[in-house]
Every structure is written in structure tokens, then in C-alpha cells.
*Asks:* 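Sharing a structure with you now.
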Protein chains: 2
Amino acid sequence: MVELAETAPRQLRAHARRNRDRILAVARDAFANRNGDISLNEVARRAGVGTGTLFRHFPNRDALLEALMHDRTEALCTEAERLLGVPADDAGSALFEWLTDLVDHVAAYQGVSAVLLAEQDADSALHAACHAVDQAATSLLRRAQQTGAVRADLAPDELISLIGAISWVKEQAPDRDAHVRALLTVMIDGLRTSPPRTRSASAR
Amino acid sequence: MVELAETAPRQLRAHARRNRDRILAVARDAFANRNGDISLNEVARRAGVGTGTLFRHFPNRDALLEALMHDRTEALCTEAERLLGVPADDAGSALFEWLTDLVDHVAAYQGVSAVLLAEQDADSALHAACHAVDQAATSLLRRAQQTGAVRADLAPDELISLIGAISWVKEQAPDRDAHVRALLTVMIDGLRTSPPRTRSASAR
DNA sequence: ACCTGAACACCGTTCAAGT
DNA sequence: ACCTGAACACCGTTCAAGT
């Protein structure tokens, strides 16, 4: 009897998890950036669950996005960890390589770049994930700056904004890879530039 | 009697024009980027007109935005005309100065940077305005490239995307002037860089 | 413990009815 | 010729009712 009392909820949980997975599968396909946007109700409908079910699993769109992106976010963070161990001479290209991956990641789903820019009081899970990415970017940037590969007058949040901006462009035109790569090239060249032009310290 | 027949519609038109102006006044204030977003119905309510009235004057949000921005857009285009006459040595700084103004202009109202990026079949008036800006930017860019002030491997639509991207950041954080100026600095330094790094011609 | 689906407040947009 | 405001189809979100 004790086992039965355990079994029943376990089956329920299995059912619940199946619902969760079906929602994620539908959302992964429907939110993918080339496929245009879709309402959350429509996601629920396609997944064959009630609207309420979707909203209990994922209280808002951000939560759903975070779940969709979770694994790749983690992979990106561990990759950053690895790149921090690279020889000092490669600190610059390590940063640039990682930023290129980051742009792809952020641009994968609609609306993520906007979350990246908003340094909101991180209540949502997606904000937390963005914060982890921030940390990784900051470490890679600092190292690249210390080795002289990247201009010293660039703050971490400025780098994040630059990445968010380019990710947003990719979000708007997901099929124009060459275009986005060109923007990245310009930006990276701008990062390499040593700053002879003085920026007013008071403005910081 | 002939005069009366003319007078009556003229009064109507005056009334209509007053309505139009009240809508614009409300929208100008409510759509200004620090003031957050507002629904079109709410604009109509605040202007004291019916929803239908608003939608006949401005068939969609873009039309309303275009009307709001029209004068400044024109000013920007004539300014570009003037800057094209500047000595060749100043062609680079002329471009950079103008781009800085453009960012302020595009970021003034929510959603304009997205329109700038979308090279849609220009049905809306706002698209037409963006196209005029495109033309001006292209001319200034070409001249700056010919004088060697700006890297030659940059296409006009790539420049527009870069500007749109930075405008979008400003749109997201309208009160962070120093931040946005830093991004512009990086971008402009990237534009100045001559391209020793070869970009694959096949990708273009 | 989990799910359903009607319901709510809102959005942009349309259109019959008025003057 | 111009305006009004109810109406429509939609959105994200909630919640009473079910199993």
C-alpha cells in the first residue's frame, strides 16, 4: 500500500512530464526564428494541452524560452570556462570566437536579445541565464583586455549591448548570414582598435 | 451660395484637421521613447476622438509614426545634402556626424529601428521615409569610402543595419546616453579600419 | 497532483449608424 | 465629409471545476 501511494503520483508525474515535453517540442519548432511567431495559446493547442497546463509549467514566455535554451546556454558557459585556459596570445581570438557563438545562440529565438539588454531585477529564469552569460563574457573580455588584444576602454555591459544589438539584427533577418557576419567583422575590428581618441571620463 | 457650398466642407475639414492635430499631439507625447508604450485605442481616448477617427487618419501605427517623424526626417535628408558638399577631407567625419544624428532620430520612437531594418515592399509611408534615409546614407558612405576615410568593404545596407542596431539599443535604454555613445565609438572605429583581413567574396 | 477550457481584460482593426 | 462607438478576432493570463 505504501508502494501504491507512491506509484499513483509517480504516474501522474510521468504524465505531467510528457505534457511538458510535448509543449517544449512544439515551442522549439514554432519559436525557431525562421518560423515566425506564434501565440502561447496556439502552442498549447498544437501540443494538445489546455492553456492552463502550459501556464503552470511555464508562467510566461520567458520561462518557456529559458527551458528551450537551457542546455545550449550551459554549453556556452562551460565553453567560456575552457577558453579562459587558452594561451595568453589567443585571448583575443578566444573572445571573438565565443562572441560569434553567442550571437547565434541569442538570435535563435525571438525576443531573447531584448531580454539580454534589459538588466531587470532578475526575477525570470531567462534573466538568470543571461546573467550567467554576462559573467562569462566579462571574464573573457577582461583577459583579452589584459593581454592587449582588445581596447581597454570598453565596459562589459557595453560589450553585451553590442552583442545584443547584432543578435537582434540576426533575429530580424535570420536568413542573411553573410550580412550578420559583416556586422560582426566591423564590430570586432572596432574592439581591436586601441583608443587614441579620448572619451570624456565624466561621461562614464 | 457657391461660397457657402465651399464653406461648409471647409469647416468640416478644419474640424478634421483639429482632430488630426490632437491625435498627433497625444501620440507625440505618449510614444516618446522614455514614456513607454500605449495602445492606439488609448491614444484615441486621450485625444478625445473615436477609435475609427484615428484609424482613418492613420491606417496603422507606422503611418502615425511617420507623421510624427516627418519634419525631422526631411531635415535629416537636407542636412545630408549639405554634408555632401563638404571638403573631401571631411567626408569621413561628415558621415559619422550625420549617423550620430540619425541614431537619435530613429531611437526617438518605439519600433522605428525595426522598420528601418525591414526592407519590406515599401507600402507604408514610414517605409518610404526609411528609403529616403537609406539613399542619403548611401551617398554619404560612398563619398567617405572614395576619400579613403571609411573601409571599402562595407555595403550600404550593412551600414544601415549597424545604425539600426545601435538605435535599437538606445530604444531599449533611452536614458543611457553615455552607453550608446560608447557603442557608436566602437562602431565608428570599426568603420575606419582598413580591411587587411580578407572576407570571402563568395559569401557576398 | 494535475488538467481542462471558459472567462477576463486587453489589443488592433472594422463598420454600421449617425450628423 | 466626417465622426462615433459597438463589435470582432485575437492576445496573455487566471481560475473554478473536474479526474
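Chain letters run A, B, ... following the sequence lines, proteins first, then strands; residues in each count from 1.
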*Asks:* What's the CZ-P distance between Arg61(A) and dT13(D), to the nearest Å?
*Replies:*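 Going from CZ in Arg61(A) over to P in dT13(D) covers 9 Å.
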*Asks:* Can you run through DNA chain C from 5' to 3' and write each base as (, ), [, ], | or . depending on how it pairs? Watson-Crick or G-U wobble, both distances under 3.5 Å.
*Replies:* ||.|||||...|||||.||
*Asks:* Is the shortest side-chain N to carboxylate O distance from Asp157(A) to Arg176(B) below 4.0 Å?
*Replies:*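 Yes, charged N to carboxylate O under 4.0 Å.
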*Asks:* Under a 4.0 Å threshold between the charged nitrogen and the carboxylate oxygen, would Arg192(B) count as salt-bridged to Asp189(A)?
*Replies:*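 Looking at Asp189(A) and Arg192(B), the cut-off is not met.
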*Asks:* If every non-hydrogen atom of Pro156(B) is compared with every non-hydrogen atom of Thr138(B), which pair is closest and at what distance?
*Replies:*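 Of all heavy-atom pairs spanning Pro156(B) and Thr138(B), the closest is CB-OG1, 3.5 Å.
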*Asks:* Nearest-Å distance, CG (Leu54(B)) to P (dT14(C))?
*Replies:*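 Taking CG of Leu54(B) and P of dT14(C), I get 12 Å after rounding.
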*Asks:* Does Ala155(A) offer a backbone N or O that forms a donor-acceptor pair with the side chain of Glu158(A) under 3.5 Å?
*Replies:*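 At least one qualifying donor-acceptor pair exists.
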*Asks:* Who are the side chain to side chain donor-acceptor pair (under 3.5 Å) partners of Asp37(B), not counting sequence neighbours?
*Replies:*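 Checked Asp37(B) against side chain to side chain donor-acceptor pair (under 3.5 Å); matches are Arg61(B).
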*Asks:* Rounding to an integer number of Å, can you tell me how far Arg17(B) CZ sits from dA1(D) C1'?
*Replies:*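 These atoms are roughly 16 Å apart.
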*Asks:* Please enumerate all residues that pass side chain to side chain donor-acceptor pair (under 3.5 Å) together with His105(A), with sequence neighbours excluded.
*Replies:*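 His105(A) satisfies side chain to side chain donor-acceptor pair (under 3.5 Å) with Thr73(A) only.
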*Asks:* Verify, without hydrogens or angle tests, whether Glu66(B) (side chain) and Ser124(B) (backbone) share a donor-acceptor contact under 3.5 angstrom.
*Replies:*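 A pair under 3.5 Å: no.
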*Asks:* Specify the separation, in whole Å, of atom CZ of Arg22(A) and atom P of dC2(C).
*Replies:*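 To the nearest whole Å, that distance equals 18 Å.
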*Asks:* Grab the CG-P distance between Leu64(B) and dG12(C) for me, whole Å please.
*Replies:*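 Answer to the nearest Å: 11 Å.
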*Asks:* Phe55(A) CZ to dT14(D) P: how many Å, rounded?
*Replies:*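 It works out to 8 Å between those atoms.
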*Asks:* What's touching nucleotides 4-10 of chain C from the protein side, N or O pairs under 3.5 Å?
*Replies:*
| from | atom 1 | to | atom 2 | distance (Å) |
| --- | --- | --- | --- | --- |
| dT4(C) | OP2 | Gly50(A) | N | 2.7 |
| dT4(C) | OP2 | Thr53(A) | OG1 | 2.8 |
| dG5(C) | N7 | Thr51(A) | OG1 | 3.2 |
| dG5(C) | O6 | Gly52(A) | N | 3.0 |
| dA6(C) | N6 | Thr51(A) | OG1 | 3.2 |

*Asks:* Round to the nearest Å and state the distance from Arg18(A) atom CZ to dC2(C) atom P.
*Replies:*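 Roughly 15 Å, once rounded to whole Å.
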*Asks:* May I ask you to evaluate whether His57(A) reaches the phosphate of dC3(C), defined as a side-chain N or O under 4.0 Å from OP1 or OP2?
*Replies:*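 Indeed, a polar side-chain atom of His57(A) lies that close.
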*Asks:* In whole angstroms, how far is the P atom of dG12(D) from the CD atom of Gln110(A)?
*Replies:*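 Computing the Gln110(A):CD to dG12(D):P distance gives 13 Å.
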*Asks:* Apply salt bridge (charged side-chain N to carboxylate O under 4.0 Å, His left out) to Arg56(A) and list each qualifying residue two or more places apart in sequence or on a separate chain.
*Replies:*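 Here no residue qualifies.
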*Asks:* My understanding is that only residues two or more places apart in sequence, or in another chain, count here; which of them pass salt bridge (charged side-chain N to carboxylate O under 4.0 Å, His left out) with Glu42(B)?
*Replies:*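 Applying salt bridge (charged side-chain N to carboxylate O under 4.0 Å, His left out) to Glu42(B) gives Arg45(B), Arg46(B).
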